[in-house]
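Structure record follows, encoded as structure tokens.
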Amino acid sequence: MPKALITLAPVDYLILIVYFLFVLGIGWALRRYMKTSTDFFLSGRAIPAWVCGLAFLSANLGAQEVIGMAASGAKYGIMTSHFYWVGAIPAMVFVGIFMMPFYYGSKARSVPEYLKLRFDEKTRAFNAISFAVMTVFSSGISMHVLALLLEQILGFNYHMCIAVSAIIVLVYIVLGGLTSAIYNEVLQFFMIVFGFVPLVWIGLQSVGGWDALVAKLDVVATSAANPAGRAFAEGAWTQSWAHMYSPAANPMGVEWFGMAMGLGFVLSFGYWCTDFLVIQRAMAADSMSAARRTPLIAAVPKMLFPALVILPGMIAIALHHELGGFLPTDDKGATDYNMAIPVMLARFCPAGLLGVGVTALMASFMSGMAGNVTAFNTVWTYDLYQSYIRPGQPDRHYLRMGHVITVVGILISVACAYVAREFNNIMDMLQLVFGFVNAPLLATFLLGMFWRRATGNGAFSGLVCGTLAAAVHHGLTLPAQADWGVKGGWLCGGHVVHTYPVDMAQNFWAAIYAFTTCFVVTIVVSLCTARNKTDDDLRGLVYSLTPRVKEHGVAWYKQPATLGVAVLVAAVILNIIFW
Amino acid sequence: MQLDVRLPIGAMFLIIGLILCAYGLATWSDVELYRRSLGHNVNVWWGLFLMAFGAVMLWLTRRAAARTPAGRKDAHE
């Protein structure tokens, strides 16, 4: 058994057990409400806006968010907040105000089904198959990272962690369907917040408060021994925009245009506006108004999350630089920034509070897994099974298929977790391919919703060409100091046409090329092909053909437009404060 | 009427807060244990906060239930 970083006391195990009992209890309490496939897959469209909003946010709070953002906070400082204030908030406002009326109003049961209604079957099939494979694979990755982390920090057995997390998620989803997942995501949201708030407070106290942290991070920035390996100007770790004029001037290695267009537009709008994993939460809302407010409500805590997940990383790097050896090293002897949160928990939380922190960590992984599994079972049942394998069956049949495919989805996730454990390169490769498929999606949706002349052939051609553009861009470019292969350059044997300072810049520009290609090809092919949908077919699916949504009886401060403006103003203020 | 999500949230945090608080009081004089949290008995004050949060959620659940037609009928009877 590996040496544990953290030793849990009986009181910590007691808190963990209480949490697991409530998670399973919610599934048990909801099982008698699961009478139809709509109840199981769509929560009967009966969930209030605030619950959907917190679930919308929590479904995205997987391993990547908590562990990954803290690691980025250590490596890049406050610039990591771009993933929130630029890379999430504008897109969440856009999907709430402009796109939810089409998703919710069209009565589509999933995002691929919207593509079928708007374009054609082949576009839906392309999106449904790639999404189903991707979600079940992501669930497996989440499971693997959870088990690996618990093995590393608590000395738990890897196989036991996989089995326990899989069984708990399986039981509460099979019993209570999407409603159970959403309710548990709300529970997990509060667990994550209440688990990390005291950690941040104690961590900040330990470095002497915010001003002292800024001073310590200025020392980190000007030292060649920082995570980037070269000295920057003071403020490089504590100012989000001031050092974005050149990739060489900031630890992230990205310039403002690549950041604003690649992350702020293509990648963030592509994720928040088209990914069924999060859109499904808004589609479960009890009214059009609630569905539109869902992402706007989620945007408020999302804006404040950098304080919970990035700040611990910044505190960790300040202490690491000051004390030396605060963060452990990985197998290759490099500093392991992914251990920022676990090390902070071990360092600052006494028994009792440690149980709350470890439970919060577990909650973040489980909400990510459950989100993927519920999105997978819906897309499989409605978009693949009901459409192509067994159409025309009674509703009870599809409800039973929902239960069966949830079990199958969890089993495939477990298999993916073990593949990830044995063959890390295969997983890198698969994630790369999914990146190619996702990059052009935004162009398809924007043209589909805001240009009625877009045709099914245009959309499908655009998606295929956009995916190819992302792959070709990757094959012709490389990040600096990387070997050709999974990192890029595979089309020219390493003799690349462009070298990016870091792989993040390569990802941002790949998204820009894929989006542009998809956008142009969709327009050109649409203009060269006959429309396959009449204006009547497109009513409720396209902006110009859909009557504006009137929010009758909703107070002005609850109107989506009011909420959207307030959220955007707050995001701008945060960007200015940390400029 | 489906389960109100505030009920399990309130109950869970009330119980976790109670556990934290009780453990914090039981280890009140353990200076070594709280050296990690800079001398603060974080278990007691965070336990109290979680209990208060749980109680508020349960109160909101009860208030919402009383406002449903079934709840108003029960209150009237």
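Naming convention: chains lettered A, B, ... in sequence-line order (proteins, then strands); numbering from 1 in each chain. The figures here come from the full heavy-atom set of this structure, side chains too, leaving out hydrogens, waters and symmetry mates. Everything numeric here is computed off the predicted structure, so don't read it as measured data.
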Go through the atoms of [X] and report whether side chain, backbone, both or neither lie under 4.5 Å from a heavy atom of chain A.
| X | result |
| --- | --- |
| B/A22 | neither |
| B/I9 | both |
| B/L50 | side chain |

- Is chain B contacted by the side chain of A/L354, its backbone, both, or neither, given a heavy-atom distance below 4.5 Å?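 It is the side chain, since no backbone atom gets that close.
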- Message: Given heavy-atom pairs under 4.5 angstrom as the criterion, report whether the side chain, backbone, both or neither of A/A29 touches chain B.
- Response: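 The answer is the side chain of A/A29.
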On a heavy-atom basis, which atom in [X] and which in [Y] lie closest, and how many Å separate them?
| X | Y | value |
| --- | --- | --- |
| A/A351 | B/L33 | N-CD1, 3.8 Å |
| B/F13 | A/M191 | CZ-N, 3.7 Å |
| A/V11 | B/I19 | CG2-CG2, 3.7 Å |
| A/I202 | B/L38 | O-CD1, 3.7 Å |
| B/N43 | A/P350 | ND2-CG, 4.4 Å |
| A/V197 | B/W46 | CG1-CH2, 3.7 Å |

- Is there a side-chain contact between A/I15 and B/L20 (heavy atoms, below 4.5 Å)?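 Side-chain contact under 4.5 Å: yes.
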- Message: Using modelled atom types and a 3.5 Å cut-off, is there a donor and acceptor pairing between side-chain atoms of B/Y23 and backbone atoms of A/D12?
- Response: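 No: the side chain of B/Y23 does not pair with the backbone of A/D12.
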- Message: Can a donor-acceptor pair be found, under 3.5 Å and without considering hydrogens, that links the side chain of B/R36 to the backbone of A/C349?
- Response: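 Looks like yes, one N/O pair under 3.5 Å.
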Quick check for you: to the nearest 0.5 Å, what is the distance between [X] atom [atom1] and [Y] atom [atom2]?
| X | Y | atom1 | atom2 | result |
| --- | --- | --- | --- | --- |
| A/W201 | B/H40 | CH2 | NE2 | 4.0 Å |
| B/R6 | A/L187 | CZ | CG | 14.5 Å |
| A/L353 | B/Y34 | CG | OH | 9.0 Å |

- Message: Within the supplied structure, the quantity of interest is the number of heavy atoms (other residues, nucleotides, ligands) at a distance under 6.0 Å from B/W28 CH2; does it exceed 12?
- Response: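 Counting neighbours around CH2 of B/W28, 12 or fewer heavy atoms of other residues, nucleotides or ligands fall under 6.0 Å, so no.
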- Query: Quick one: of A/A9, A/G44, A/P198, who has the most non-hydrogen atom pairs under 4.5 Å with chain B?
  - Reply: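 Most pairs with chain B among the choices: A/P198.
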- Message: Between B/M57 and A/F190, is the side-chain contact (heavy atoms from CB on, under 4.5 Å) condition met? List the steps.
- Response: CA-CA 12 Å; B/M57 290 303 255; A/F190 286 113; 4.2 Å; yes
- Before giving the answer on side-chain contact (heavy atoms from CB on, under 4.5 Å), spell out for B/I16 and A/F194 the whole-Å C-alpha distance, their side-chain angles and the decisive distance to 0.1 Å. CA-CA 11 Å; B/I16 289 178; A/F194 294 153; over 6 Å; no
